[in-house]
Amino acid sequence: MASVTSLASTLQQQLADALTAALPEAGTADPLLRRSDRADFQANGILALAKKLKGNPRELASQVTAALPESGLIKDIEVSGPGFLNVTLTDRAIVETLAARAADAEGRLGVPFSPTAGTTVIDYAQPNVAKEMHVGHLRSAVIGDAMVQILEFTGESVVRRHHIGDWGTQFGMLIQYLIEHPDELSHEAGEGHEGGTGTDGSAGEAAMSSLNRLYKASRALFDSDEEFKARSRDRVVALQAGEPETLAMWQRFVDESKIYFYSVFNKLDMEIRDPDIVGESGYNDMLEETCRILEETGVAVRSEGALCVFFDDVKGPDGNKVPLIVKKTNGGYGYAATDLSAIRDRVRNLKASTLLYVVDARQSLHFKMVFETARRAGWLNEDVTAHQLAFGTVLGKDGKPFKTREGVTVRLEDLLDEAVARATSVVREKAGKVGLSEEEIVENGRYVGVGAVKYADLSTSAVRDYKFDLDQMVSLHGDTSVYLQYAYARIRSILRKAGDAKPAAHPELELAPAERALGLHLDQFGEVLAEVAAGYEPHKLAAYLYQLASHLTTFYDQCQVLSEDNAPEVVENRLFLVELTARTLHQGMKLLGIRTPERL
């Protein structure tokens with residue numbers, strides 16, 4: 001699989017080789033290359049090297065410049081200030097590199113595919129059985145899905161895991177009520193959801209309606225009838241013991257909830273597959289063994305009847321150590337036992353080398369203690385690491401946690417429906433200019449609405465809170481997905497209008513400043529993806545794509561593409577630049593889980 005070395009990487013290597021040739025006593029040295037406003041790139045490494053060697057930095061810079069080969073890469077190199085090198089590349093090198101990206105037979109734009117020996121298990125999108133998904137579930141799903149796409153694109157072997165809440169004492173109440181009121185679930189759970197996302201919204205709403213009705217009725221009876229409460233507690237024991245009738249009823253709740261989950265994820269334009277859903281119940285058989293291992297190895301100790309793990313740096317307001325409770329005094333298991341068992345399963349059975357948890361930042365202390373416990377037990381080590389991709393809270397315009405006017409947490413379905421409705425109105429306003437059919441308006445409205453929600457989340461550093469403002473999200477102006485989608489659609493329109501003129505690279509041409517800026521930015525795509533994958537930072541990809549669209553806007557303003565005043569080769573070269581921009585936008589947005597309509 002062919003990959004294309006970026007201009008920055010090629011220049012970095014040439015400068016590093018020149019440093020070694022000119023200053024062999026320095027050994028391997030980093031030229032510290034970065035983008036610059038004064039030229040295409042600036043190398044700042046010589047200043048530090050001069051201090052180390054006690055030499056004159058400008059003289060050393062001149063020696064390095066003289067050692068550079070004649071390769072057709074560098075147009076101009078200037079020694080500036082105390083030994084900085086300002087480097088301008090040739091127009092030919094820029095266009096030839098972009099042409100190699102465009103010619104990539106794999107359609108990867110020359111981005112390297114680097115298969116790793118390890119496997120990353122990503123834990124994300126964790127709804128609860130028999131409960132509605134709300135705005136709090138949005139970020140884990142959106143951020144996790146983007147990281148899955150990005151890591152797989154760069155070559156990582158990825159296993160998806162949806163750790164759904166499908167176990168616990170509330171199921172005793174629900175199951176007992178369903179046994180006593182067997183018609184309460186109005187329809188049977190659907191069969192064959194292997195693909196996951198095929199369930200339509202009406203089926204999902206019906207499933208959630210039944211679950212909501214049953215939950216409210218069972219809760220009311222549980223709170224008012226002591227005999228029912230006692231029967232419910234007995235049912236919890238039966239569930240934990242694996243009694244067949246109880247397990248069958250529990251499975252109905254899980255299946256019914258999946259219909260609902262799939263309908264919501266379908267609205268989010270996300271693929272969720274049955275084999276990837278391994279909830280809390282999936283680790284039940286491991287819990288006792290996990291506790292036994294922790295106690296026998298001394299990682300966990302008994303404290304007031306509970307099995308606990310203590311940490312020197314985790315203390316409460318009273319100054320006493322706060323433990324991670326693995327097994328409660330009454331013999332019940334805490335979340336820690338399930339999370340630690342999941343780590344054991346993912347390392348032992350899935351052969352994970354990296355565990356990535358896309359979980360609310362408010363659970364950071366819990367996961368810090370879980371990861372440290374797993375390290376003490378030997379399940380995590382230098383070869384197997386765990387990371388929490390922590391995310392902040394979705395806020396309303398008032399800067400407070402996003403809720404309805406009645407103070408209720410916003411249902412995720414309602415939020416997505418409203419986003420699509422707003423976006424469809426925006427699309428409809430513009431539809432006449434491009435001749436969209438009603439079917440296209442509806443389809444594009446969905447892509448724009450869902451894309452707006454995803455991009456607002458992904459364009460913010462995950463750990464930060466962000467304000468949910470639909471008016472801003474569906475705006476054609478500013479850092480929004482609509483701006484990027486419109487940039488893509490605009491290019492597709494230009495390509496349709498080009499007639500017989502076809503995109504073709506012309507390295508012999510001199511580039512205008514806006515063409516150079518666009519070309520240099522296009523060449524960074526692979527490097528940005530590598531950085532995003534290494535740091536689990538999808539907001540950096542969103543920032544790159546917004547900057548790309550901004551460069552495109554400047555290019556449009558300064559360089560007409562289809563002007564009759566342009567020579568044919570200029571038209572072809574500019575069509576080549578915009579087509580490659582469209583392909584880069586499309587691929588980048590796809591990795592973020594956002595569609596790019598052909599007409600908008």
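In this structure, the side chains of Val79 and Leu85 come closer than 4.5 Å at one or more pairs of heavy atoms. Between Leu268 and Leu138, some side-chain heavy-atom pair lies under the 4.5 Å cut-off. With contacts defined as side-chain heavy-atom distances shorter than 4.5 Å, the pair Phe265/Met133 qualifies. Between Ile94 and Leu520 there is a side-chain heavy-atom pair separated by less than 4.5 Å. Inter-residue side-chain proximity for Leu545 and Tyr488 is flagged as unmet; no heavy-atom pair is nearer than 4.5 Å. Taking the side chain as every heavy atom from C-beta outward, Asn573 and Phe576 approach each other to under 4.5 Å. Asp557 places a side-chain heavy atom less than 4.5 Å from the side chain of Thr553. Side-chain contact between Arg490 and Val578 is absent, with no heavy atoms from C-beta onward closer than 4.5 Å.
The distance from the CG atom of Leu340 to the OG1 atom of Thr373 is 5.5 Å, given to the nearest 0.5 Å. To the nearest 0.5 angstrom, Arg161 atom CZ is 12.0 Å from Ile122 atom CD1. Taken to the nearest 0.5 Å, the OG1 atom of Thr119 stands 8.5 Å off from the CG atom of Leu350. Note that the OG1 atom of Thr424 and the CZ atom of Arg446 stand 11.0 Å from one another [nearest 0.5 Å]. Between atom CG of residue Leu98 and atom CG of residue Leu577 there is a gap of 6.5 Å, rounded to the nearest 0.5 Å. Atom CG of residue Leu585 and atom CZ of residue Phe525 lie 9.0 Å apart, to the nearest 0.5 angstrom.
Ring orientation note: the planes of Tyr357 and Phe367 are tilted relative to one another, at an angle of 30° to 60°.
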**Study point:** Gln485 and Asn444: CA distance, side-chain angles, deciding distance, side-chain contact (heavy atoms from CB on, under 4.5 Å) verdict
**Key:** CA-CA 10 Å; Gln485 289 168 320; Asn444 288 357; over 6 Å; no

**Study point:** Worked check of side-chain contact (heavy atoms from CB on, under 4.5 Å) between Leu11 and Ile74
**Key:** CA-CA 8 Å; Leu11 179 59; Ile74 298 173; 3.8 Å; yes

Review point. Hey, mind stepping through Leu89 and Phe41 against side-chain contact (heavy atoms from CB on, under 4.5 Å) and telling me if it holds?
Key: CA-CA 8 Å; Leu89 305 184; Phe41 296 93; 3.7 Å; yes

Check your understanding: Would Phe555 and Thr581 count as a side-chain contact (heavy atoms from CB on, under 4.5 Å) if you check the C-alpha gap in whole Å, the side-chain angles of each, and the deciding distance to 0.1 Å?
Key -> CA-CA 11 Å; Phe555 169 84; Thr581 300; over 6 Å; no

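Residue pairs satisfying the salt bridge (charged side-chain N to carboxylate O under 4.0 Å, His left out) criterion with at least one member in residues 515-527, sequence neighbours excluded, are listed as follows: Asp40-Arg516, Asp91-Arg516, Arg101-Asp523, Glu515-Arg574. Listed by first and then second residue, the salt bridge (charged side-chain N to carboxylate O under 4.0 Å, His left out) pairs involving residues 9-18 amount to none (not counting sequence neighbours).
Checked against ring-ring contact (aromatic ring centres under 6.0 Å, His included), Tyr124 has the following partners two or more places apart in sequence or in another chain: His162. In this view, His539 satisfies the ring-ring contact (aromatic ring centres under 6.0 Å, His included) rule with no residue, not counting sequence neighbours. Evaluation of the ring-ring contact (aromatic ring centres under 6.0 Å, His included) rule for Tyr466 yields no partner, not counting sequence neighbours.
When each of Val474, Val450, Val442 is checked for a side chain to side chain contact (heavy atoms under 4.5 Å, CB included) with Val420, only Val450 meets the rule.
Put simply, the side chain of Lys454 gets close to the backbone of Gly593: a donor and an acceptor are under 3.5 Å apart. Between the side chain of Thr97 and the backbone N or O of Leu7, no donor-acceptor pair lies under 3.5 Å. Between the side chain of Thr480 and the backbone N or O of Leu476 there is no donor-acceptor pair closer than 3.5 Å. In terms of modelled atom types and a separation under 3.5 Å, the side chain of Tyr455 and the main chain of Asp479 share no donor-acceptor contact. In this structure a side-chain-to-backbone donor-acceptor pair under 3.5 Å is present from Arg108 to Phe153. Counting only distance, with no hydrogens or angles, the side chain of His137 and the backbone of His134 share a donor-acceptor pair below 3.5 Å. Checking side-chain atoms of Arg273 against main-chain N and O of Asp276 turns up no donor-acceptor pair under 3.5 Å. Panel note: side chain Arg346, backbone Leu355; no donor-acceptor pair is recorded below 3.5 Å.
Between Glu443 and Arg595, none of the side-chain N atoms (NZ, or NE/NH1/NH2) sits under 4.0 Å from a carboxylate O, so this pair counts as no salt bridge. Electrostatic pairing of Glu372 and Lys368 does not count as a salt bridge here, judged by no charged N lying under 4.0 Å from a carboxylate O.
Residue-environment remark: OH (Tyr486) stays at or below the threshold of 12 foreign heavy atoms within 6.0 Å. Around the CD atom of Glu418, the shell of radius 6.0 Å holds more than 12 heavy atoms that belong to other residues, nucleotides or ligands. Counting non-hydrogen atoms of neighbouring residues, nucleotides and ligands closer than 6.0 angstrom, the CZ atom of Arg38 reaches no more than 12 such neighbours.
Smallest separation of non-hydrogen atoms from Val121 and Ala352: CG2-CB, 3.6 Å. Thr5 and Ser9 get closest at one heavy-atom pair: CG2-CB, 3.7 Å. Closest approach of Gly72 and Thr90 over heavy atoms only: O-OG1, 2.8 Å. The two residues Ser71 and Gln14 make their nearest non-hydrogen contact at OG-NE2, 3.0 Å. Looking at every heavy atom in both residues, Gly107 comes nearest to Arg583 through CA-NH2, 4.5 Å. Counting all heavy atoms, side chain and backbone alike, Leu591 lies closest to Gln149 at O-CB, 3.5 Å.
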Kindly list each side-chain donor-acceptor pair under 3.5 angstrom involving residues 387-397, sequence neighbours excluded, with atom names and distances?
residue, atom, partner, partner atom, Å
His387, NE2, Thr385, OG1, 3.2
Gln388, OE1, Ser364, OG, 3.3
Gln388, NE2, Val359, O, 3.1
Gln388, NE2, Asp360, O, 3.1
Lys397, NZ, Asp471, OD2, 3.4

